[in-house]
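One structure below.
Note that ligands are numbered from 1 as they come in the structure, with each ligand's atoms numbered from 1 the same way. Start at 1 with the first residue, then count along the sequence.
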Amino acid sequence: MALIVQKYGGTSVGSIERIKAVAERVARVRAGGDQVVVVVSAMAGETNRLFKLAAQLSDSPHPREADVLVATGEQVSAALLAIRLQALGYPTVSFLAHQLRLATDSRHGNAKIRSVEASRLIEALAAGHIAVVAGYQGVDPKGDITTLGRGASDLTAVALAAALKADACEIYTDVEGVFTADPNICPRARKLGRISYDEMMEMAGLGAKVLQLRSVELARRYNVPLVVRSSFSEAAGTWVGQEDKSMEEVMVSGVTLDQNQSKITIAGVADRPGLAARIFGPIAEAGMVVDMIIQNASADGRTDLTFTVGRDDLRGALELCRLMAAEISAAGVRHEEQVAKVSIVGLGMRTHAGVAARMFRVLADEGINIQMIATSEIKISVVVNAKYGELAMRALHDALLGKGSNATSAESV
Ligand code: ASP
Ligand code: MG
C-alpha cells in the first residue's frame, strides 16, 4: 500500500464534467488499495475572477480581505470533489488549511509555510478515507486566512507529501509533463521523461509555468519525488527527482522564455564601495525582484549598472532609480520596457565545454542581438529584444535539442 498525494490544477477541476473525471481517477487509485490525499486548485479562472471582483470595489483591497476572498476558490473545488467521491461510494473528507494547521507567516498573498500537522490527515487515511485538501491557503498565527502565492497549490501538495512522507506527489495539469520548450512556440518540443530538481528549479524560475518554483525547492529539500502529468490522458508524465549520472550526459535539457521582463540602466555611477547597495537596497525593500545585474567599470571611474525586473515592477523600479540616481549624482536612468530573457538549462553544462559559444552562434546566425548575458553552473540566460524572444527560443531549441543535433535526446535519459 502506497501513500500518494495528487494535486489537480485549475483546468483539471475546471467544470462539473472535469470534477467527475478527476473523481474517477482518484477512485481508481483508492480502489487499488493505495491511500490518497488530493490537493485541489480553484476551478480554472476562478481566482482571477475573484481578484477582479475585489478590484471593482477598491484600487487596493486590503491583502487580508483579498485572502479571505480568493481562498474560497479552493474551498469550492475541495468540497465539490469530496461530494463526488462520496457519491461514488468512497468515504471522503475535505480539509481547509486551518483544519490541518497549515501554519504560515502573515504575509498575505505570499505567505510562507512554517509547519503542517499531518495528524488529522493520518487519522482520516487510517480510517480508510480519501482526504481532499484545499490548496493555496494557510493560516497565520492570529488564525487569519492567508494565501501562498499564485500557483501555490503545487506548494500545498509538496508540503503535505513531505509531512506525510508520501511515496509520490503527482501534479496533474493540462499538459503531459515538462517539455524541452513551450510546445506552443516550439513545435518540435518534446516531453522529458525525467529531469533533476536543480534543472526544474532553474526552468521554473526562468519562465516554465508547469510547476511553481517554491514547490520544486521544497520537493528538493525534503526529497519528495514529483511526477508531472496530465489529468486529460493516461500518458506517463515527467518524473522530477534527484539527479543521477545519466542526466549529466544531456548537455541541454530545456529552453525557457520569459517575455515579461524590462531592463533598466543607471548610467555613470561613481565607481566606489556602497553604491550598488544604495541602489538595490530600496528596490529589494519594496519587494521587487531584480534579476540579471551587469556592472562594468570604465576607465573614467564611472560605471553603468544594468539590470532586469519583471515588467509589472518597471514603473515602481524606475521611480526608485530616478530618486536614487539624483541622490548619488549618477548621469541618468534609461530603460527598455520590452525585453525577453531566453535561457538554456542542463546539468551537462557542468561537464561540456563550449555550450555558451554554441548558443551565441545560433543567435548570431538568426541576426539576434544579445543585450545581456548571465550564467550559472547549469544555465545560460540572455536578454534580447522582446520581438525576437520566440524566434530565439525556437532557434536554440532546434539547434541544441532538435533531432539530429549531437545533444543527446532528452527523452532518452
Ligand atoms: N488558485 C490559485 C491560483 O490561481 C492557486 C493555484 O491554482 O495553484 O494562483
Ligand atoms: Mg498551477
Side-chain angles (χ1 to χ4, degrees), residues 5-15 18-19 22 26 37-55 61 63-82 94-98 100 102 104 107-113 116 131-140 145-162 169-175 177-178 200-201 203-205 207-219 224 226-232 240 260 287 289 310 312:
V5 174
Q6 296 192 328
K7 179 260 171 176
Y8 291 91
T11 45
S12 294
V13 295
S15 66
R18 289 301 312 157
I19 289 173
V22 164
V26 174
V37 173
V38 186
V39 175
V40 286
S41 286
M43 295 169 79
E46 177 64 7
T47 309
N48 287 342
R49 188 185 74 87
L50 293 167
F51 273 118
K52 279 189 202 132
L53 287 179
R64 180 186 181 278
E65 308 314 328
D67 276 352
V68 174
L69 175 68
V70 297
T72 60
E74 274 70 12
Q75 176 165 349
V76 170
S77 38
L80 290 176
L81 182 60
S94 67
F95 292 103
L96 301 180
H98 72 273
L100 300 178
L102 200 154
T104 70
R107 281 192 60 180
H108 287 285
N110 198 19
K112 298 267 174 309
I113 299 179
V116 193
V132 181
V133 179
Y136 182 50
Q137 53 178 253
V139 56
D140 82 351
I145 298 173
T146 56
T147 61
L148 310 174
R150 297 307 304 271
S153 294
D154 292 354
L155 187 63
T156 306
V158 172
L160 294 181
C169 181
E170 302 176 346
I171 307 286
Y172 284 90
T173 174
D174 52 6
V175 292
V178 181
M200 193 62 237
M201 274 174 56
M203 285 172 67
K209 292 186 191 71
V210 65
L211 276 175
Q212 190 238 19
L213 173 60
R214 279 162 62 200
S215 71
V216 189
E217 279 167 1
L218 196 68
V224 176
L226 293 178
V227 180
V228 182
R229 38 187 312 202
S230 168
S231 70
F232 294 77
V240 187
N260 216 9
V289 181
D312 292 344

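- Every atom of ligand 1 is numbered from 1 in the order shown, and the set under 4.0 Å from a heavy atom of S41 is 6 (C), 7 (O), 8 (O).
- Within the 4.0 Å heavy-atom cutoff, G151 counts among the residues contacting ligand 1.
- Looking at D140 and T146, their side chains never bring a donor and an acceptor atom within 3.5 Å of each other.
- Of the N or O atoms in D154, none lie within a sub-3.5 Å distance of an N or O in ligand 1.
- Of all atoms in ligand 1, numbered sequentially from 1 with element shown, those under 4.0 Å from a heavy atom of R150 are 3 (C), 4 (O), 9 (O).
- A 4.5 Å side-chain heavy-atom check between T147 and H108 finds every atom pair outside the cut-off.
- Both tests pass for R18 against the ring of F232: distance under 6.0 Å to the centre and angle within 45° of the axis.
- Donor-acceptor pairing under 3.5 Å is recorded for the side chains of E170 and Q6.
- Of the polar atoms of G149, none of the N or O atoms is found under 3.5 Å from an N or O of ligand 1, judged by distance alone.
- Considering backbone and side-chain N/O atoms, K7 never comes within less than 3.5 Å of an N/O atom of ligand 1.
- Note on ligand 1: E74 sits in its first shell, one or more heavy atoms being nearer than 4.0 Å.
- Within the 4.0 Å heavy-atom cutoff, A152 counts among the residues contacting ligand 1.
- Considering CD1 of I171 and OH of Y8, their distance stands at 11.0 Å, rounded to 0.5 Å.
- Using a cut-off of 4.0 Å between Lys/Arg side-chain N and Asp/Glu carboxylate O, R49 and E46 are scored as salt-bridged.
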